[in-house]
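Keep in mind that the numbers below use all heavy atoms, side chains included, and drop hydrogens, waters and symmetry copies. Here is the naming used below: chain letters follow the sequence lines, and residue numbers restart at 1 for every chain.
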There are 2 protein chains.
Amino acid sequence: MPEPRRITSADVARRAGVSRATVSYVLNATPGQSISTATRDRVLDAAAGLGYAPSAAARTLRTGRSDVVLCLLPDWPIGNEVGNLLGNLSTALAREGLTFVAHPGSREDRPIAEIWKAITPAAVLSFTDFSDREREAMLAAGVALVVALLGRAGRAGLHGRELEVPQQLIGRRQTEHLLGTGHSRLGYAYPDDPRLKIFAEPRLAGCSGDPVVRTVPLDAALAAEAVAGWRADGVTGICAYNDEVALAVLAGARRLGIATPGGLAVIGVDDIPAARLAVPSLTTVTTDQRMLAAHLATTVVAAVSGRPAPVLATADLIRVVVRESA
Amino acid sequence: MPEPRRITSADVARRAGVSRATVSYVLNATPGQSISTATRDRVLDAAAGLGYAPSAAARTLRTGRSDVVLCLLPDWPIGNEVGNLLGNLSTALAREGLTFVAHPGSREDRPIAEIWKAITPAAVLSFTDFSDREREAMLAAGVALVVALLGRAGRAGLHGRELEVPQQLIGRRQTEHLLGTGHSRLGYAYPDDPRLKIFAEPRLAGCSGDPVVRTVPLDAALAAEAVAGWRADGVTGICAYNDEVALAVLAGARRLGIATPGGLAVIGVDDIPAARLAVPSLTTVTTDQRMLAAHLATTVVAAVSGRPAPVLATADLIRVVVRESA
DNA sequence: CTGTTAGCGCGTTCAC
DNA sequence: GTGAACGCGCTAACAG
């Protein structure tokens, strides 16, 4: 086999009878260049005819930045909703000519620096915050954007590119629903997994009505203990960290023979498939992942091109799905 | 700010008082080069002292291949288990010096070629099969490995690097359990989402006992219809495509007032958190994701370095988790 | 206006 | 152990 040599801009230039520079100008539509339509077309034709695709590596080497957006996934279990968000994000960024990739795996396995150095991304998104050193290193390396999807609460982002509002809003919506359906004494079912703290804290902080917090493991017997505790406190409505925790609360209540929602109302977060199949079916709160993804994509694009970040319209972002449990 | 110039191998060479070539040979431990220990150490010290990290882009440009392993995610909803697998895979590959990234999003959004051209990966993994054209294009571009996690059944892979066995094994284990607990007439609860077919087919094919197949949407009322049908057929044990479908079957049975497992035994797949919280708790089948990830990682490494693919030891890979529902 | 020349970015590798 | 070319695209400076 005659080693199928890569097609380079030189090939296109040769075929179009112009210089490589011209090819570059035409293909990148470089502003401030005046190239005749005839030449333009010849180049375009040649490129198309040869099936030319520029070498991403060369471009990256030259410009110091690829068109890849790197997302660092958290080390806590990612479920359906996150998967969904990533998919939407990928689609939205693709429309802008950016390639989205996600890197799973904890930062302990591999220093975060190795990851982005291997990719030379245009932007890095992360679900957890960066240390100042990391942030600086990336910026110094020319990474255009550094978004923490959930910055430390209250921290004025270096870029105003953080997105903690929705989390608090989730807690708010949960309590609003419960308070609105006649429950005045509330509990908060906190997740067992310490890695989830970064999400749980802002959600809890968004709750009004000062709920009684208890940790609820994903186990019916252990959940029952928590439920018993809440009962003793006079709590009648529970905001759960997410649907899984909510299902645990439901299972715990059942063990104790407590009727739901009569004896205890429960509201989750995420609307996982199991939520509607539970008995009683689970009332929960969902985020419009498509809208959120669109916003994130816009934020990334803005940052890459040096424009200010857009403001997230949070109005319809988070919705209560009313079912039987609350 | 004095524009923090990147540290290159030239800097290291200068500091160590050697040529750039030598630096390259030392840092890559290039075989067939005779470099004195003294020089070696000087280079190593200089590199460490300067905090030198080679430019991935330049390396990729030169060698035609990055050290990134690209995984193309399917467009069907990815859940916890897949997330888990990806995490383990990432960790395993990191140990081999490879950077793992995943690209979500359907192939309709963006031709698959654009993705890998943007990354120049050492290897590409995919959950679904590639067309022959795609496969060839990648191979021609120097991508070392092209694994379809689930090739078309029966297709003799170009590389023998396909992994369909576990899927069939899942079905096998489910039926074994049900047949072993006294159920002779079985049903298979097929997922509603057509995108899942690629997983569902091999799982179903692995089932013994020729089960009666019915599609079960994730909705209690609709699931009840399917359950009623099975009852009419004399079916007493259901293998579900996954835990969510199994939960739907459970919900359907409850609607009809059918006791589980007395009236109908159900076994799922995945062991999602909701499985143990269901009523009755769900008997299910799990895959050892860590073991699977290790095998995949080994396969990738073998392929990248041109060695033959290892054989997967399937013995303990798939396990039944016995709970109440079957 | 139109388009070209030339050198850069950085690590790798062949030939001496 | 070294010099020098190479992989490929970008872009400032420059000539018709």
Side-chain angles (χ1 to χ4, degrees), chain A residues 3-44 46-47 50-67 97 117-120 122 141-142, chain B residues 3-44 46-47 50-67 97 117-120 122 141-142:
Chain A
E3 187 58 37
R5 209 182 44 72
R6 212 179 178 301
I7 292 163
T8 76
S9 79
D11 297 318
V12 177
R14 206 169 307 129
R15 173 137 159 188
V18 297
S19 71
R20 287 169 54 216
T22 304
V23 172
S24 178
Y25 290 138
V26 170
L27 263 35
N28 295 335
T30 308
Q33 292 291 329
S34 43
I35 289 164
S36 71
T37 312
T39 312
R40 246 181 63 81
D41 290 348
R42 287 221 313 292
V43 172
L44 259 20
L50 293 169
Y52 168 69
S55 150
R59 192 186 215 122
T60 301
L61 173 59
R62 181 62 230 226
T63 63
R65 178 175 310 177
S66 72
D67 70 343
K117 280 186 179 163
I119 307 279
T120 325
Chain B
E3 187 58 39
R5 210 181 45 72
R6 221 187 168 302
I7 290 163
T8 76
S9 80
D11 297 318
V12 177
R14 204 169 307 128
R15 172 136 160 189
V18 297
S19 71
R20 288 169 53 215
T22 305
V23 172
S24 177
Y25 290 139
V26 170
L27 262 35
N28 295 334
T30 308
Q33 294 290 328
S34 44
I35 290 166
S36 72
T37 312
T39 311
R40 245 181 63 81
D41 290 347
R42 285 221 314 291
V43 172
L44 260 21
L50 292 169
Y52 168 69
S55 149
R59 193 186 214 120
T60 301
L61 174 59
R62 181 63 230 216
T63 64
R65 178 173 309 176
S66 71
D67 71 342
K117 280 184 179 163
I119 307 279
T120 325

Which part of the nucleic acid does B:Thr60 contact within heavy-atom distance under 4.0 Å: base, sugar-phosphate only, or nothing?
nothing

Under 4.0 Å from any heavy atom of chain A: name the first and the last nucleotide of DNA chain C that qualifies, 5' to 3'.
C:dC1 to C:dC10

For B:Val23, which contact category applies under a 4.0 Å heavy-atom criterion: base, sugar-phosphate, or nothing?
nothing

Residue pairs involving residues 7-17 of chain A (criterion salt bridge (Lys or Arg N to Asp or Glu O under 4.0 Å); sequence neighbours excluded):
A:Arg5-A:Asp11, A:Asp11-A:Arg14

Using every non-hydrogen atom in the two residues, find where A:Lys117 and B:Ala53 come nearest and quote the distance to one decimal.
NZ-CB, 3.9 Å

Side chain to side chain contact (heavy atoms under 4.5 Å, CB included) with B:Ala56: which residues, sequence neighbours excluded?
none

Among B:Thr30, B:Val43, B:Val26, find the one that has a side-chain contact (heavy atoms from CB on, under 4.5 Å) with B:Ile35.
B:Val26

Just by distance, do the side chain of A:Thr120 and the backbone of A:Ser66 share a donor-acceptor pair under 3.5 Å?
no

Who passes side-chain hydrogen bond (donor to acceptor under 3.5 Å, both in side chains) against A:Ser19, sequence neighbours left out?
A:Thr22

Rounded to 10°, the helix from C:dC1-D:dG16 to C:dA15-D:dT2 deviates from straight, judged by its five-pair end axes, by 50°

Across nucleotides 6-16 of chain D, 5' to 3', mark each nucleotide with B, S or - according to how protein heavy atoms within less than 4.0 Å reach it.
BBBBBBB----

For B:Ala122, does its backbone N or O pair with a side-chain atom of B:Arg65 as donor and acceptor, under 3.5 Å?
no

How long is the gap from OG on A:Ser55 to CZ on A:Arg62, to the nearest 0.5 Å?
13.5 Å

Which value, rounded to the nearest 0.5 Å, describes the distance between B:Tyr52 atom OH and B:Arg6 atom CZ?
7.5 Å

Would you find a donor on one side and an acceptor on the other, under 3.5 Å apart, between the side chain of A:Arg42 and the backbone of A:Ala16?
yes

